[in-house]
K.L.:
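Take this structure, written in structure tokens, and hold onto it; I'll ask about it next.
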Amino acid sequence: MSFTIHGVGISGGIAIGRAQLVSHAHLEVAHYDIPKSQIATEKSRFDAAIAQVRQDLSELASHIPEGAPAAEFEAFLNLHRMILEDSTLSEVPKQLIETMLCNAEWALKLQMEALIEQFDRIEDAYLRERKADIHHVVERVLKALLGRPGYVVRSIPEENAILVAHDLSPADVIVFKQHRFASFIADLGGATSHTAIVARSLNIPSVVALHQARTLIRENETLIVDGTHGVVIVNPDSGVLTEYRLRQEQWLLEREKLKRITRTKAATLDSIDVELHANIELPDDVAMAKESGATGIGLFRTEFLFLNRGDLPSEEEQFEAYRRVAVEMEGMPVTIRTFDLGADKQAENAIRVAPNPALGLRAIRLCLAEPRLFHHQLRAILRASQYGKVRILIPMLTSMHEIDQALHLLKEAKESLDLQNIPYADNVEVGGMIEVPAAALSVNMFMRKLDFVSIGTNDLIQYTLAIDRSDDTVAHLYDPLHPAVLELVSHIIRSANRVGKPVMVCGEMAGDTRLTRLLLGFGLRQFSMHPAYLLAVKQVVLKTGISDLAGTTQKILRSHVSDRIENLLQKMNS
Ligand code: PEP
Ligand code: MG
């Protein structure tokens with residue numbers, strides 16, 4: 001039977017292929033019966049997984065990276081080793097395999113649930129919180145059972161496979177970057193959740209917020225994914241398939257045509273230059289950024305160096321990553337954002353799950369709370385500054401004292417390098433992300449201490465409208481055109497231009513061609529976006545006369561009715 005599911009398109013284009021169901025190891029574990037003859041095999045599979053995790057944990061313990069809070073790290077590893085070695089986890093699941101005749105993953109999941117239930121009944125808050133540690137250890141064992149990356153049981157050739165997930169973390173999705181799947185769709189997530197942002201960087205048509213896709217779609221079913229319109233068609237009939245094959249060809253053709261302007265300078269009809277930079281998550285992404293004709297890296301989300309690993313990246317490893325990006329960008333600006341961990345990007349060994357992570361110890365707050373971690377990142381960035389035009393960008397600033405503290409820690413990092421005679425560029429600029437409404441309203445004060453600002457519209461929208469960007473149930477309320485958002489964005493740009501400080505937009509609004517003219521009308525001249533959008537944005541820039549925008553921009557800013565804003569925007573774009 002053919003049917004259609006609607007969600008939020010996060011990466012344009014059309015993919016046609018077959019469904020490949022994927023799971024987050026700990027959330028969705030397959031249950032299957034096993035014959036008696038397989039009990040021994042299943043048990044030894046389980047033992048092997050425990051042994052592997054035992055080995056992983058001792059390797060971690062012997063390589064506590066520079067910059068990690070060593071005592072805490074050790075305590076946490078010891079706790080995890082204790083949990084692993086406890087017979088409730090390492091022995092009882094084997095009894096379950098035997099009595100229930102089920103697979104090892106399922107037995108482990110059952111036992112974990114029983115343990116968690118016991119923990120829930122404990123009154124002591126500290127012990128109750130150790131629940132998260134049990135989850136972490138079980139997750140490690142499950143991953144070992146499934147084999148890393150583990151989430152995909154390969155049954156369809158990659159280029160034909162459409163990954164169908166319920167919910168995946170950004171760390172899960174980034175693993176897919178090493179593959180060439182046809183498309184990615186998921187039930188949960190908003191358009192600017194980090195999961196969606198990483199999915200976008202896979203550069204394949206993608207749709208999120210489909211709610212029921214993972215339940216309704218079966219393995220191997222034929223799917224059409226229209227990433228532009230946020231639609232998934234399951235089991236299409238031949239007429240629909242033909243129609244979409246045509247559309248797919250057309251889309252590919254248009255994408256090819258856009259390549260002609262890769263080397264064209266981004267300037268408006270009235271010869272105003274516009275900088276188009278790329279957002280990257282990992283050093284490997286530089287290739288795609290350069291291919292798209294980006295004239296700089298406007299946002300290097302360094303926290304991705306932390307994901308999918310049990311340890312922390314050392315200063316040396318970070319230095320190598322930053323140096324590589326600086327060298328490969330050949331003197332073009334490289335804006336390295338300091339770790340924005342917390343919220344929906346947790347390191348695997350995050351010790352505590354915050355009650356409200358988006359408002360918790362995230363980004364600069366976490367860095368100031370863990371100054372040793374920050375110190376080593378700052379040293380690594382400074383050391384890399386020798387190899388190109390490196391800038392530092394601090395995420396989620398809210399108060400002046402955070403800028404003061406961050407600058408103070410930067411000074412200390414420089415002094416420590418001086419003491420060791422390690423060279424670094426002396427003109428490394430420091431900018432701040434303006435992504436909290438308080439920062440937007442304080443931008444004039446902030447700019448006195450910063451060399452540049454960059455607007456993180458994803459978070460600015462989330463915090464201004466009180467809409468969780470990763471929650472699919474409110475995805476429809478997440479509105480970049482809300483008058484309050486437009487007012488804040490234009491205020492930041494205007495304020496920066498008035499004092500001559502560079503200002504960039506690096507949130508997803510920068511890559512939305514519908515908004516390019518509006519942002520130009522606000523006075524924006526620097527955009528940073530996922531490389532896949534860069535040429536389409538450039539094309540709009542090339543066809544725009546700035547002098548034509550003033551009237552409609554003002555009308556949009558004065559308007560407080562969504563329909564009217566939509567109409568005016570359409571007029572501006574026609
Ligand atoms: C933003 O918030 O707009 C931004 C660019 O940062 P991130 O999406 O990584 O939070
Ligand atoms: Mg942000």
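Starting from 1, each residue takes its place in the sequence as its number. Read the numbers this way: they start at 1 and go in the same order the structure lists the ligands and their atoms. All of these numbers come straight from a predicted model, not from anything done at the bench.
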K.L.:
Do Ser559 and Ile565 touch side chain to side chain, with heavy atoms closer than 4.5 Å?
P.N.:
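The answer is yes; the side chains approach within 4.5 Å.
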
K.L.:
For ligand 1, is any non-hydrogen atom under 4.0 Å from Met504's backbone (N, CA, C, O), its side chain (CB onward), both, or neither?
P.N.:
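The answer is neither.
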
K.L.:
Can you list the ligand 1 atoms lying under 4.0 Å from a non-hydrogen atom of Asp459?
P.N.:
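Reading through ligand 1 atom by atom, the close ones are 1 (C), 2 (O), 3 (O), 10 (O).
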
K.L.:
Judged by non-hydrogen atoms, does Gln462 sit under 4.0 Å from ligand 1?
P.N.:
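Per 4.0 Å heavy-atom rule, Gln462 does not contact ligand 1.
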
K.L.:
By number and element, which atoms of ligand 1 are closer than 4.0 Å to a non-hydrogen atom of Arg301?
P.N.:
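Contacts of ligand 1 toward Arg301, numbered from 1: 4 (C), 5 (C), 6 (O), 7 (P), 8 (O), 9 (O).
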
K.L.:
Just checking, any donor-acceptor pair under 3.5 angstrom between side chains of Asp459 and Gln462?
P.N.:
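Their side chains do contain a donor-acceptor pair, which is all the 3.5 Å distance test asks for.
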
K.L.:
Can you tell which of Glu508, Met529, Glu435 gets a heavy atom nearest to atom 2 (O) of ligand 1?
P.N.:
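The nearest heavy atom belongs to Glu435.
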
K.L.:
What is the name of the N/O/S atom of Glu435 that is nearest to the Mg ion (ligand 2)?
P.N.:
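The Glu435 atom nearest to the Mg ion (ligand 2), restricting to N, O or S, is OE1.
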
K.L.:
Under a 3.5 Å distance rule, please check whether Asn279 uses its side chain to pair with a backbone N or O of Cys506 as donor and acceptor.
P.N.:
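Confirmed, Asn279 side chain pairs with Cys506 backbone.
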
K.L.:
Going by the order shown, which atoms of ligand 1 are within less than 4.0 Å of some heavy atom of Met433?
P.N.:
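It comes down to these atoms of ligand 1: 4 (C), 5 (C), 6 (O).
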
K.L.:
Backbone N or O of Gly13 within a donor-acceptor pair of the Thr228 side chain at under 3.5 Å?
P.N.:
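Side chain of Thr228 to backbone of Gly13: a pair is present.
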
K.L.:
Enumerate the atoms of ligand 1 whose separation from the nearest heavy atom of Leu299 is less than 4.0 angstrom.
P.N.:
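Here the atoms of ligand 1 in question are 5 (C).
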
K.L.:
Find all atoms of ligand 1 within a distance of less than 4.0 Å from any non-hydrogen atom belonging to Asp340, and give their numbers and elements.
P.N.:
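The atoms of ligand 1 under 4.0 Å from a heavy atom of Asp340 are 10 (O).
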
K.L.:
Identify, by atom number and element, the atoms of ligand 1 in contact range of Thr457, meaning under 4.0 Å from any of its heavy atoms.
P.N.:
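Every atom of ligand 1 under 4.0 Å from some heavy atom of Thr457: 3 (O).
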
K.L.:
For Arg362, state whether at least one heavy atom is located under 4.0 Å from any atom of ligand 1.
P.N.:
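Arg362 counts as a contact of ligand 1 under the 4.0 Å cut-off.
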
K.L.:
With the threshold set at under 4.0 angstrom, would you say Met396 reaches ligand 1 through any of its heavy atoms?
P.N.:
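In this structure, Met396 fails to qualify as a contact of ligand 1 - no heavy atom is under 4.0 Å.
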
K.L.:
Could you check which N/O/S atom of Asp459 is closest to the Mg ion (ligand 2)?
P.N.:
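Looking only at N, O and S atoms of Asp459, the one nearest the Mg ion (ligand 2) is named OD2.
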
K.L.:
Below 4.0 angstrom from a heavy atom of Ile197, which ligand 1 atoms are there? Numbered from 1 as shown, please.
P.N.:
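With Ile197 as reference, the close atoms of ligand 1 come out as 8 (O).
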
K.L.:
I'd like to know if Arg337 and Glu303 make a salt bridge, using a cut-off of under 4.0 Å between side-chain N and carboxylate O.
P.N.:
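Glu303 and Arg337: salt-bridged.
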
K.L.:
Using 2.8 Å as the threshold, say whether any N, O or S atom from Asp340 sits that close to the Mg ion (ligand 2).
P.N.:
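No, Asp340 does not qualify, because none of its backbone or side-chain N, O or S atoms lies under 2.8 Å.
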
K.L.:
With a 4.5 Å cut-off on side-chain heavy atoms, are Phe446 and Met400 touching?
P.N.:
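Sidechains of Phe446 and Met400: in contact.
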
K.L.:
Does either side chain, that of His491 or that of Glu487, offer a donor lying less than 3.5 Å from an acceptor on the other one?
P.N.:
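Side chains of His491 and Glu487: no pair found under 3.5 Å.
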
K.L.:
Any non-hydrogen atom of Arg469 lying under 4.0 Å from ligand 1?
P.N.:
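Under 4.0 Å: yes for Arg469.
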
K.L.:
Would you call Met509 a ligand 1 contact, heavy-atom distance under 4.0 Å?
P.N.:
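So Met509 does not count as touching ligand 1.
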
K.L.:
If the cut-off is 4.0 Å to any non-hydrogen atom of Cys506, which atoms of ligand 1 fall inside it?
P.N.:
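The list of qualifying atoms is 5 (C).
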
K.L.:
Under 3.5 Å, is there a donor on one side chain and an acceptor on the other for Arg383 and Tyr322?
P.N.:
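Arg383 vs Tyr322: no donor-acceptor pair found between side chains.
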
K.L.:
Determine whether the side chains of Ser11 and Arg200 contain a donor N or O and an acceptor N or O closer than 3.5 Å.
P.N.:
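Ser11 vs Arg200: no donor-acceptor pair found between side chains.
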
K.L.:
Pairs of nitrogen or oxygen atoms closer than 3.5 Å, one from Asn458 and one from ligand 1: do any exist?
P.N.:
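Yes - when backbone and side-chain N and O of Asn458 are compared with those of ligand 1, one distance drops under 3.5 Å.
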
K.L.:
Can a donor-acceptor pair be found, under 3.5 Å and without considering hydrogens, that links the side chain of Lys538 to the backbone of Thr264?
P.N.:
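At least one qualifying donor-acceptor pair exists.
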
K.L.:
For Phe184, give me all partners under ring pair (Phe, Tyr, Trp, His ring centres under 6.0 Å), at least two apart in sequence or on another chain.
P.N.:
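Per chain and number, Phe184 pairs via ring pair (Phe, Tyr, Trp, His ring centres under 6.0 Å) with no residue.
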
K.L.:
According to salt bridge (charged side-chain N to carboxylate O under 4.0 Å, His left out), who are the partners of Asp226, at least two apart in sequence or on a separate chain?
P.N.:
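Testing Asp226 for salt bridge (charged side-chain N to carboxylate O under 4.0 Å, His left out), a comparison that skips the adjacent residues, returns none.
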
